[in-house]
Structure formats: C-alpha cells, structure tokens
There are 2 protein chains.
Amino acid sequence: MVTVHDVARAAGVSISTVSRALTAPEKVATATRERVTAAADALGYLPNRAASGLRAGRTRTVGLLVPDLSNPYFAAVAKGVAQRARGHGLGVFVVDSEEDPALEAELLRSAVHQTDGVVLCSPRAVLEDRDVLGTKPVVVVNHRTARTLSVGSDGAGGVQLAVEHLHALGHRRIAYVGGPARSWSDGQRRAGLTAVGARLEGLELVPLGPFRPDVDGGHEAAGVVVASGATAVITFNDLVAVGLVRRAAALGVQVPQDLSVVSFDDTFVATLTTPPLTSVHTDLRELGERATDLLVQALGPAPAEPTGAPGQPEADPADPADPVLVPAELVVRGSTAPAPTPSVPRAAASASRRDDA
Amino acid sequence: MVTVHDVARAAGVSISTVSRALTAPEKVATATRERVTAAADALGYLPNRAASGLRAGRTRTVGLLVPDLSNPYFAAVAKGVAQRARGHGLGVFVVDSEEDPALEAELLRSAVHQTDGVVLCSPRAVLEDRDVLGTKPVVVVNHRTARTLSVGSDGAGGVQLAVEHLHALGHRRIAYVGGPARSWSDGQRRAGLTAVGARLEGLELVPLGPFRPDVDGGHEAAGVVVASGATAVITFNDLVAVGLVRRAAALGVQVPQDLSVVSFDDTFVATLTTPPLTSVHTDLRELGERATDLLVQALGPAPAEPTGAPGQPEADPADPADPVLVPAELVVRGSTAPAPTPSVPRAAASASRRDDA
DNA sequence: GGCACATGTGCAAACGTTCGCAGCGACTGT
DNA sequence: ACAGTCGCTGCGAACGTTTGCACATGTGCC
C-alpha cells in the first residue's frame, strides 16, 4: 500500500506538504504542487479514507437509506444520489431497511454515525430520534419534518396538470385513487386536488382510497372507480393504474374510450402497457441529485461541527423545513381521450355554471 | 461522540478490554464482558468505523460496482448484496459506473482500495488490472475470469428448460434472439442451446443476433424471427420480448397463437404485458447473496493479507474460476401455447425420427 | 539596512481503534 | 509447597492522515 510517506520521498518533500498539495492546493507553491501530484499518480497513490476520516473528523461519505433497493422508484433515486455524490467526491454508503420501521430507525442511527450525513428516502418510521437528528445533517425525501431538510416531488402541481389535461378533454367528474394514508406524497396530491377543484369550476372531484400502491390496489380500486361515475381517474402510481386498467377491462369498461387514466411516477411500466399510460412524470434521478446537493450544502464549509444546528444555508430565505420541490410534468400517452359523449349534458351544465362566474 | 474510553470508564476497565469484549468476546471473562456490553449500550456506543478500519487494516465494508443502479436487474442484485452484507455485519459502498468501461476501471480501483473486497456486476470493461485484482478479493457477477471468483445465473440450464417446454408443446423450430456479443450470459445461453439441440432430436434451433437487450432490440428482431419460420422464440430478456411481441402483432403475427415467446430474467415486466410472458426466472437477490457469501468466504478468517492469493476456500475441490451457478426455473404464463397446426407435418416427421433413436 | 510581513515548508501531535507483549493472580500436578 | 501453566487484563505502540504551530526564506517599506 502506497502512503503519503512514499509520495513525499519520491517528491522530495515532507508528508505535510503532500497532504496539503492534495487537499488544499492553494497552500502550496505551484512548482512543489506539481512535483507532488506527479509523484502521486506515478506511484498510483490513493489516500486512505479511513485514516483521513479519522483525523479530519469527516468521512467524505454520505449514507443512503431506502426502504427497498429493488423497487425501481428508489433505485432511480439512488442512482441520482450516487451520481451526484461522485460529482462531489463523496462515497455512498447504502442501506436497505426492508420496509421495516424498527430496522429503519436502527440503521439510520448507525448510518448517521459513520457518515457525514444521510439521505433518508420515504421514511416508514416516525423520526423523533432527537440525538440522531441533531448531530449530523439528514435530508429526507418525500416527507416533511420540522427538524430536517427535505425534498419531494411536486405532487400538488402534478395533480393540477393532470386535472387540467382531463378538463381540457371534457371530463368533469374525475376520481383520485389515493395511496397509503400516512404518505406525504398522497397528502400533497390531495391538497393539489382541492386546490384545483377550487380554481376550475364545474368540476367534481372524487377522492378515493387509501389503496395499496401496487397492482392489487388497482384491482380493488377498479370497482369503486367505475361505480363512482367518473369518466376519468388519476392513480397514485403506475402499478395501480395497471391493475385498474386490467380489472376495468374485465368489467367491460374500456380505456381510454370509456375511462381516461392518468397515473403518477411515469416509470417505464407506463410505456409497456396497452394502451401506454398518460402519466405525471417526476425525474427521480433529479430527486436524488437535489437531495444530495442539499446535503452537501448542509455539510458545507464547516469542517466538523460537533453539535448544534447543521449549517444553515445563509442566503436562503425559505423555511428549511419546506421541502424543495422537484417539478412534475405531464406525459400524454394513450390512456386519456376526450370524455365519452354521454357526459355532454353534465359538461353543458358545468359550462353554464362557469358562465355564472 | 462516545468512544471506547467512555465505555471503559463506565465499566471500570481499560480500553483494551472494551475493545476485546466487543470484537473478540471469547477472550474476556464473562462477568467483565457483560459489564462492558451493558455500559456500551447504556451509553449508546458505536465503534468508529474509520478508526477501527485504520488500525485493523480491514474496513468491514464491501464495495458494490454496477453499470446502472436504476436498472431493475442490478437493483435486485444490489438488494441481495446489501441484505447479505448486513447479515455479516458489513457495510456496502455502492458505486455506479454509468455503463462506461473507462469509468468502471477507475472506480473499481478506488472501490477496491477502500473496502475489503468488491462485488463487480456484469463488467463492461475487460478487467486486466493485475495489481488491482491481486490485492483484494473480487467477486464477479455474470462473467468468467481466470483471476477472480464469480457467480452467474444458470443460463444454459434455463435455455434447456425453455426448449423442453416448447418441445413439449409441439414446437420443432425454435429461434433464439441473442443479446450483446461479448456477454457471458449470452454465451452461456448459446452453449445451452447447442447442448439441448444435441440431446433432443428433430429439433431445429435458429440462433439469431446479436440484438440490443432492450425494447428496440425486440422491435428489430421481430422481422427476422418471423422470416425464420420459427414457431417459437426465446429472447435474451423481458424487454426484448416486449418489443418483439409488439412488433410481431403489427406484422399480423399473434402471440401465442402464431408464435410462442419465452423470455429471460422474469422481471416484473413479464407480468405486466398482454399476454404475460412465460419467462426463465433467476432469483437475482440470490445472485447478489451468493456473490456476497463468496466474498465473505474469501475475506475469511485471514485478518489482513497484504498480498498473495486471496484466501482459498480449502475444502472446495471445484475450480474457483468456475462460476457458482444460481439455478434457473421456468415460469409458465400466457405467451406460450401449442405449436400452430400447420407445423404438424414437421412435428410428425421429427417424431418418426425420434423413433429411430 | 533593519523591521514587519507574507509565503512556503517541516515537525509533531492528535484522531479512536486494535493487538502484541507482559504482568498478575489462580489453579494444577508432583 | 513450588514451578509451570493458563486465563484474564492493562500498557502502549502502531495504523495513515490532517493541521496548529514554528521556522526559514524572500519581499516591500520607511
């Protein structure tokens, strides 16, 4: 193993100079620096992370805690984190909590302990562990907490895009198939729903659920949606849409002729179904990237703060508890179509109401 | 931050004893050990990974290098690795090479340097870096090299299952839509193809390709497959099958009435299509787990070998260069059906030939 | 020409842990 | 009863790096 000593000997300087030449190049004369760097990569020197972490107090490693690494959603976020971390010269320590809240709490604690900060994805446990959260910066994805920074996708905005799209196609009665009750994302979307409901007149919005966020949940939702009399439906994610479309077909309801469907997430599943799904797209890689950027910013210039508030972004006037939102965009595919003609009278009624406004 | 010193003080022993009580419990008297462990988790002590890694020479961390973390295939393998590593008390340092061979080589080098060993998934680069490979154990997934341990899915066995299934349905002319030319997996499958071709008589096997291992590759393959006159086709993976089924339908060839399709991998994509795909399933989580087990075994009891062969599993008579194979199983769904009747004469012909044998 | 000052470099002390070595008591065999 | 042994524990030195401090040299100013 080649160490600073070897490089120092080769370059004819002391180990301090080597260390400085590589970590704080401006503190060293240009000629010396070049000699050092030349020697370093001639010998193939790579600094020992353990040693530097030990002395400097920061490990140049971030933790990434997800409920399920094999879930394409988290996998995409993880990729964003990994990519950005590498850009910042940070390593990624990845942990899978297996959807278990108790395990998650334990792993969070250990992850925080051996990294400089953690990106916590869609936490399943309520995080109240003050001593864990106080010590190092933690960025939470798809969740809001008073004590940490957070990022999330703009579910409210996404819902509004979806509703506007359906409205433009003439739909006036639109159902929403909700996800897990305690989910922040679901809350965001329901909030967006009421917001757009207040804005666009003559619209009847039918929030349903909670349903499980998978194909089976879609199966269960299908009956309720059909019974609701809605001509269009927005689903919590792609998988729910898949289940819903399939079961609806079994009930004799064709998509998109009889029922328009807009899903959330726009994973590649959306492109595989027949018809392909119109979906609210969020760039999950970007979600991971933004989370990492936020974390890096919180790590900031402070080399090692033993305690106290994690480095506040001083020029940012926004409440740090408000999640940074990654914008949503609507990708229109084959699962949405103009509202079926039988609903024309209803559309006419609502149009007249709109004239009143 | 709570250190061994704090625990030692609380337990009334020296720091050496604390260290031993936690890392080599058998070297310490039972009473003392209990006092130490009690003090340790009363104070919430967690050993500092950097310090222990520095002194002990092993980091208790494994590296995981994948071409694309957001690819569900690798995500599943990654989950297996993460799970098993946790079981062994190891951390996972994850790196995404973004499908770039040059980047992969560089990242491999750095990953090897700061972990105890690396699981390298489906390498895109030829790994010839002797000094990298010599120093720490590396387990390669889906690849065979002379210098490292490896695991892979039993593609040859999988092909044979697929062919037998199709043969039993009366198919006699079966195409194979191959993946990337240099791919180990593709090689395995072609080998399985010739093996089963030699075993079952009256069978015409039509290897095609290489094709890109995605939906577009399937699109391109469709025409060739239809032109080949095969009544059944085996595809390199699910996505290829999706593309193939879709384009075949456009050409007026219905699956499974006119053409039976068996895909590889059995990701959840296989369940989402219409018809759902008959697919050769490999437990990817298990692939990751086996890789990790192999790595742990190579890490073995040896605390820190500076150089030389990575600890050989002494009781294992098999050539360590032979990949450990994870078995494949066939999951039968809707994309396979009895061979269309026009091929009956051919089936009869081959049946008569079989009588000869 | 001497003084303050900036700039570049080296020395040595940490960081928290592990582990070789030695000491110390208790137990065993003769 | 005494030497030898063994089980348990503490001392202190590493591991490779960073960084405060001191020192040497060169530069500008009055």
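Just so you know, these numbers come straight off a predicted model, no measurement behind them. Sequence lines set the chain letters: A, B, ... in the order given, protein chains first and strands last, and positions in each chain run from 1.
Between A/L65 and A/S97, the shortest heavy-atom contact is CD1-CB, 4.0 Å.
Under a 3.5 Å cut-off, the side chain of A/D6 and the backbone N or O of A/T3 do form a donor-acceptor pair. Side-chain atoms of A/R124 do not come within 3.5 Å of backbone N or O of A/E99 as any donor-acceptor pair.
The distance from atom CG of B/N48 to atom CZ of B/R55, rounded to the nearest 0.5 Å, is 15.0 Å. Distance CG/B/L90 to CG/B/L295: 8.0 Å, rounded to 0.5 Å. How far CZ of A/R49 is from OG1 of B/T61: 10.5 Å, rounded to the nearest 0.5 Å.
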Between B/H113 and A/M1, does the side chain to side chain contact (heavy atoms under 4.5 Å, CB included) criterion hold? Intermediate values first, please.
CA-CA 9 Å; B/H113 185 257; A/M1 165 179 272; 4.0 Å; yes
Between A/K79 and B/D68, does a side chain to side chain contact (heavy atoms under 4.5 Å, CB included) hold up when you go through it step by step?
CA-CA 8 Å; A/K79 188 179 178 83; B/D68 178 8; 2.9 Å; yes
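In this structure, NZ of B/K27 is placed 15 Å from C1' of C/dT17, rounded to the nearest angstrom. Distance B/L22 CG to C/dG16 P: 16 Å, rounded to the nearest Å. Between the CZ atom of A/R33 and the C1' atom of C/dT9 there is a distance of 14 Å, given to the nearest Å. Going from atom CD of A/Q114 over to atom C1' of C/dT17 covers 14 Å, rounded to whole Å. Rounded to a whole Å, the CG atom of B/L54 is 14 Å from the P atom of C/dC15. If you measure from atom CZ of A/R20 to atom C1' of D/dC21, you get 10 Å, rounded to the nearest angstrom. Rounded to an integer number of Å, the gap from CZ of B/R58 to P of C/dT18 is 8 Å. In this entry the distance linking CE of A/M1 with P of D/dA14 reads 18 Å, nearest Å.
Nucleotides of DNA chain D nearest to B/A51 and B/T30 differ in position, and the one nearer the 5' end is that of B/T30. The 5' end of DNA chain D is approached more closely, in terms of each residue's nearest nucleotide, by B/S16 than by the other of B/R55 and B/S16.
Within 4.0 Å (heavy atoms only), A/T3 reaches sugar-phosphate atoms of the nucleic acid but no base atom.
A sub-4.0 Å separation between OP1 or OP2 of D/dT9 and a side-chain N or O of B/T32 is present. For A/T17, no side-chain nitrogen or oxygen approaches OP1 or OP2 of C/dG8 to under 4.0 Å. Close to C/dT18, at under 4.0 Å from its OP1 or OP2, lies a side-chain N or O of B/S19.
Within residues 5-15 of chain A, the residues having any heavy atom under 4.0 Å from DNA chain D are, by residue number, A/H5, A/I15.
Each end of the helix from C/dG1-D/dC30 to C/dT30-D/dA1 gets its own rotation axis from five pairs of C1' atoms, and the angle between them is 30° to the nearest 10 degrees.
Taking the charged nitrogens against the carboxylate oxygens, B/D116 and B/R58 have no contact shorter than 4.0 Å, which rules out a salt bridge.
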